[in-house]
Amino acid sequence: MNEFAIGGDLTVHRLGFGAMRLPTEPGPGREASIAVARRAVELGITLIDTAHLYGGGANEELLAEALHPYPDDLVVTTKVGVVRTGDDWKYDARPESLRLQVDEGLRRLRVERIELLQLHRLDPETPLADQLGALRDLRDEGKIGRIGLSEVTVDELARAREIVDIASVQNRYSLFDRSYEAVVDACEAAGIAFLPWRPVLGAASEATAGIASVASELGVTTAQVGLAWLLARSPVILPIPGTTKIAHLEENFAAAEIKLTDEHLWLLGT
């Protein structure tokens with residue numbers, strides 16, 4: 001199945017798009033970014049990931065310029081919890097700060113409700129109950145629909161779920177980096193969406209003989225094999241590869257149609 005219902009009721013195509021790398025400065029780069037975002041929607045991508053951290057909101061504004069008014073089936077998920085202080089960024093998930101960040105995100109995205117709002121990082125200086133309690137309040141007020149986390153351990157996920165329903169987890173994970181394997185398994189057991197970021201990192205430079213063999217047999221790239229492996233790894237995995245090129249975007253999305261056999265999975269070390 002190439003669809004998954006985040007939180008049990010928000011259905012998206014399992015292969016999404018990460019907007020972090022899109023240039024936002026005025027000029028040809030921005031125009032190309034808008035074209036990439038629009039092509040993503042044309043292809044059938046229904047999950048686009050951004051964050052307050054990406055350009056201090058400029059990435060959110062870019063997506064709004066490119067795609068608003070949004071198609072009914074499009075989910076633009078954003079992240080909060082990291083703010084700029086002078087020239088630096090720091091974790092800040094104090095309730096009053098999260099509320100401000102969410103209000104700013106609503107304004108920049110031109111929406112009244114963010115269907116999936118993810119906490120970019122847990123703030124070590126703020127009690128977990130305060131961070132998630134603030135997001136729960138915002139959900140109850142209708143400003144956000146579902147709550148997600150990013151870069152969490154199995155234990156942190158379990159503690160968070162004691163406070164509020166968690167719809168998604170966004171951790172670093174790929175065919176080449178399986179350090180969060182236990183978190184994937186925990187998400188699958190609970191029916192929680194797992195959004196791996198940098199899902200094909202290293203695919204061009206670190207391809208093993210097995211990966212190269214599978215790619216050659218299927219007539220696809222090693223990056224496409226990496227994405228197909230993620231989709232086969234667990235039904236809750238929703239990869240969000242990013243790119244600044246339409247051709248690369250189309251190549252990534254085509255990976256959703258690649259079928260890996262048991263032999264392929266064995267060669268890939270599953």
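Within a 6.0 Å sphere centred on CH2 of Trp89, heavy atoms belonging to other residues, nucleotides or ligands number more than 12. Annotation for Asp165: atom CG does not count as buried by contact number, only 12 or fewer foreign heavy atoms lying within 6.0 Å. Atom CD of Glu263 is surrounded by 12 or fewer heavy atoms from other residues, nucleotides or ligands within 6.0 Å. A 6.0 Å sphere centred on OH of Tyr70 holds more than 12 heavy atoms belonging to other residues, nucleotides or ligands. Counting heavy-atom neighbours within 6.0 Å of Arg136 CZ, excluding the residue itself, gives a total above 12. For Glu112, the CD atom sits in a loose shell: 12 or fewer heavy atoms of surrounding residues, nucleotides or ligands are nearer than 6.0 Å. Other residues, nucleotides and ligands contribute at most 12 non-hydrogen atoms within 6.0 Å of the CG atom of Asp262.
The shortest heavy-atom contact between Gly148 and Leu116 is N-CD1, 4.2 Å.
A salt bridge between Glu250 and Arg39 is present, with a side-chain N of the basic residue lying under 4.0 Å from a carboxylate O of the acidic one. A salt bridge does not link Glu162 with Arg159: none of the charged nitrogens is closer than 4.0 Å to a carboxylate oxygen. Salt bridge status for Arg38 with Glu65: absent, with no side-chain N to carboxylate O gap under 4.0 Å. Salt-bridge annotation for Asp49 and Lys79: present, with a side-chain N of the basic residue lying under 4.0 Å from a carboxylate O of the acidic one. Between Lys143 and Asp103 there is a salt bridge, since at least one side-chain N of the basic residue sits less than 4.0 Å from a carboxylate O of the acidic one.
Between Phe17 and Leu22, some side-chain heavy-atom pair lies under the 4.5 Å cut-off. Within the 4.5 Å cutoff, the side chain of Val12 has heavy atoms near those of the Ile6 side chain. Between Tyr91 and Pro124, the closest side-chain pair of non-hydrogen atoms falls below 4.5 Å. You'll find the side chain of Met20 stays beyond 4.5 Å of the side chain of Thr50, heavy atoms only. In this structure the side chain of Phe4 reaches within 4.5 angstrom of the side chain of Val236, judged on heavy atoms. In this structure the side chain of Leu98 reaches within 4.5 angstrom of the side chain of Leu119, judged on heavy atoms. Considering only heavy atoms from C-beta on, Leu149 comes within 4.5 Å of Ile166 through its side chain.
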Under the criterion side chain to side chain contact (heavy atoms under 4.5 Å, CB included), I'd like the reasoning laid out for Asn2 against Glu257: C-alpha separation, chi angles, the key distance, then a yes or no.
CA-CA 9 Å; Asn2 280 338; Glu257 301 305 318; 3.6 Å; yes
Steps toward side chain to side chain contact (heavy atoms under 4.5 Å, CB included) verdict (Asp130, Arg94)
CA-CA 7 Å; Asp130 291 353; Arg94 294 170 299 155; over 6 Å; no
Step-by-step salt bridge (charged side-chain N to carboxylate O under 4.0 Å, His left out) determination, Asp123 to Arg121
CA-CA 6 Å; Asp123 179 357; Arg121 294 292 187 274; over 6 Å; no
Do Thr77 and Ser168 pass the side chain to side chain contact (heavy atoms under 4.5 Å, CB included) test, and can you show the C-alpha distance, the side-chain angles, and the key distance before you say yes or no?
CA-CA 11 Å; Thr77 173; Ser168 70; over 6 Å; no
Which is it for Val200 and Leu175 under the side chain to side chain contact (heavy atoms under 4.5 Å, CB included) test, yes or no, and what are the steps along the way?
CA-CA 7 Å; Val200 292; Leu175 181 56; over 6 Å; no
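Ile258 and Ile45 fall within a single hydrophobic cluster, where Ile, Leu, Val, Met, Phe, Trp and Tyr side chains are chained together by heavy-atom contacts under 4.5 Å. Linking Ile, Leu, Val, Met, Phe, Trp and Tyr whenever their side-chain heavy atoms come within less than 4.5 Å puts Val75 and Val169 in one cluster. Ile147 and Leu100 are members of different hydrophobic clusters when ILVMFWY side chains are connected at heavy-atom separations under 4.5 Å.
In this structure, the side chain of Arg146 engages the main chain of Glu115 through a donor-acceptor pair within 3.5 Å. Of the possible donor and acceptor atoms, none in the side chain of Thr46 sits under 3.5 Å from a partner among the backbone N and O of Leu74. With hydrogens and angles disregarded, a donor-acceptor distance shorter than 3.5 Å links the side chain of Arg14 to the backbone of Leu231. At least one donor-acceptor pair under 3.5 Å links the side chain of Asn171 to the backbone N or O of Val152. Remark: side-chain polar atoms of Gln224 are paired, donor with acceptor, to backbone N or O of Thr221 under 3.5 angstrom. The backbone N or O of Gly29 lies less than 3.5 Å from a partner atom in the side chain of Ser33, making a donor-acceptor pair.
Exactly one of Val80, Leu106, Leu138 qualifies for a side chain to side chain contact (heavy atoms under 4.5 Å, CB included) with Leu117. That residue is Val80. Of the candidates Ile144, Leu195, Thr78, Leu195 is the only one forming a side chain to side chain contact (heavy atoms under 4.5 Å, CB included) with Gln118. Partner of His52 under the side chain to side chain donor-acceptor pair (under 3.5 Å) criterion, chosen from Glu104, Arg108, His120: Arg108.
In this structure, Phe253 has its ring center under 6.0 Å from that of His13.
Asn59 and Thr24 share no donor-acceptor pair across their side chains, judged by distance under 3.5 Å alone. A donor-acceptor contact closer than 3.5 angstrom is absent between the side chains of Thr126 and Gln131. Judged by distance alone, the side chains of Ser213 and Glu217 never bring a donor and an acceptor atom under 3.5 Å apart.
Residue pairs meeting the side-chain hydrogen bond (donor to acceptor under 3.5 Å, both in side chains) criterion with at least one member in residues 175-196, sequence neighbours excluded: Glu151-Tyr180, Arg172-Asp177, Tyr173-Glu181, Asp177-Ser179, Asp185-Arg233, Glu188-Ser234. Applying the side-chain hydrogen bond (donor to acceptor under 3.5 Å, both in side chains) test to pairs two or more places apart or on separate chains, those with a residue in residues 236-245 are Thr243-His248.
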